[in-house]
Amino acid sequence: MCENCEAVIEKIPELKVGIIGDGTLKERISEQIENIAQIELLGFSSNPYKYMVNAKVVLSTSKSDAFGLTMVEAALLGAIPFAPSIGGIAQTTSKVNGIVYSSDDELVELLSRVFFRCSILQKNYI
């Protein structure tokens, strides 16, 4: 996941990434992002909505998910849900007009397109 974020940040340096969650990979992720100012490890939050409401994208990197409630919540809060092409989470994401990705390369390309278009809109219309 961190490699994907870095690849998008290389294309769009003004991008800010917040990683919500806690688990066995927390220490490894913390080490990977240690020198990347644009990525912040936020850890566990009992109220992730305070972050999601300001997000342009909510990305799931889940390896398995039966339904994908987070994708529904992201869409309701105005973010674009991104989910891997696996099981129920992919179906849910598609139904809420989110984006389903099949590979890391495709994810980086799709995120780059979304954020590039957002930056053009902000520079020209806001």
- Message: Do Ile12 and Glu14 make a side-chain contact, defined as non-hydrogen atoms from C-beta onward lying under 4.5 Å apart?
- Response: yes
- Message: Are Leu77 and Val96 linked, directly or through intermediate hydrophobic residues, by side-chain heavy-atom contacts shorter than 4.5 Å (ILVMFWY only)?
- Response: no
- Heavy-atom side-chain proximity of Thr70 to Ser60 below 4.5 angstrom: no
- For Pro84 and Ala90, the nearest pair of non-hydrogen atoms, with its separation, is O-CB, 3.5 Å
- Nearest non-hydrogen partners of Cys2 and Ile33, listed with the distance: SG-CG2, 3.6 Å
- Message: Distance check, rounded to the nearest 0.5 Å: Lys56 atom NZ versus Ile80 atom CD1?
- Response: 9.5 Å
- Message: To check you understand the geometry: which heavy-atom pair defines the closest contact between Gly68 and Ile89, and what is its length?
- Response: CA-CG1, 3.8 Å
- Message: Counting C-beta onward and ignoring hydrogens, is there a side-chain heavy-atom pair between Phe82 and Leu110 closer than 4.5 Å?
- Response: yes
- Note on the structure: Output for pair (Lys26 NZ, Ile19 CD1), nearest 0.5 Å, gives 11.5 Å
- What pair of heavy atoms forms the shortest contact from Ile86 to Ser62, and how long is it? CD1-O, 3.3 Å
- Side-chain (Gln38) to main-chain (Val17) donor-acceptor, under 3.5 angstrom: no
- From Tyr51 atom OH to Ile20 atom CD1, the distance as rounded to the nearest 0.5 Å: 6.5 Å
- Query: Hey, are the side chains of Ile39 and Ile9 touching, using non-hydrogen atoms and a 4.5 Å cut-off?
  - Reply: yes
- Under the side-chain contact (heavy atoms from CB on, under 4.5 Å) criterion, do Glu3 and Asp104 qualify, and how do the steps go? CA-CA 9 Å; Glu3 296 84 9; Asp104 288 348; over 6 Å; no
- How long is the span from the CG atom in Leu41 to the CG atom in Leu25, to the nearest 0.5 Å? 10.5 Å
- Kindly indicate whether the side chain of Leu59, heavy atoms from C-beta on, has any atom under 4.5 Å from the side chain of Tyr101. yes
- Query: Does any non-hydrogen side-chain atom of Val72 lie less than 4.5 Å from one of Phe67?
  - Reply: yes
- Looking only at non-hydrogen atoms, find the nearest pair between Glu106 and Val100 and report the distance. OE2-O, 4.4 Å
- Query: Does the side chain of Val57 come within less than 4.5 Å of Ile99's, by heavy atoms?
  - Reply: no
- Item | Donor-acceptor pair, side chain of Thr93 and main chain of Met71, under 3.5 angstrom | no
- Answer with yes or no whether the hydrophobic clustering places Ile36 together with Ile29; edges join I, L, V, M, F, W, Y residues whose side-chain heavy atoms lie under 4.5 Å apart. yes
- Message: Could you go through Leu111 and Leu107, starting from their C-alpha distance and side-chain angles, then the distance that decides it, and tell me whether this counts as side-chain contact (heavy atoms from CB on, under 4.5 Å)?
- Response: CA-CA 6 Å; Leu111 286 170; Leu107 173 62; 3.6 Å; yes
- From CG (Leu15) to CD (Glu6), nearest 0.5 Å: 12.0 Å
- Counting distance only, does the side-chain N/O of Glu109 pair as donor-acceptor with the main-chain N or O of Asp105 below 3.5 Å? no
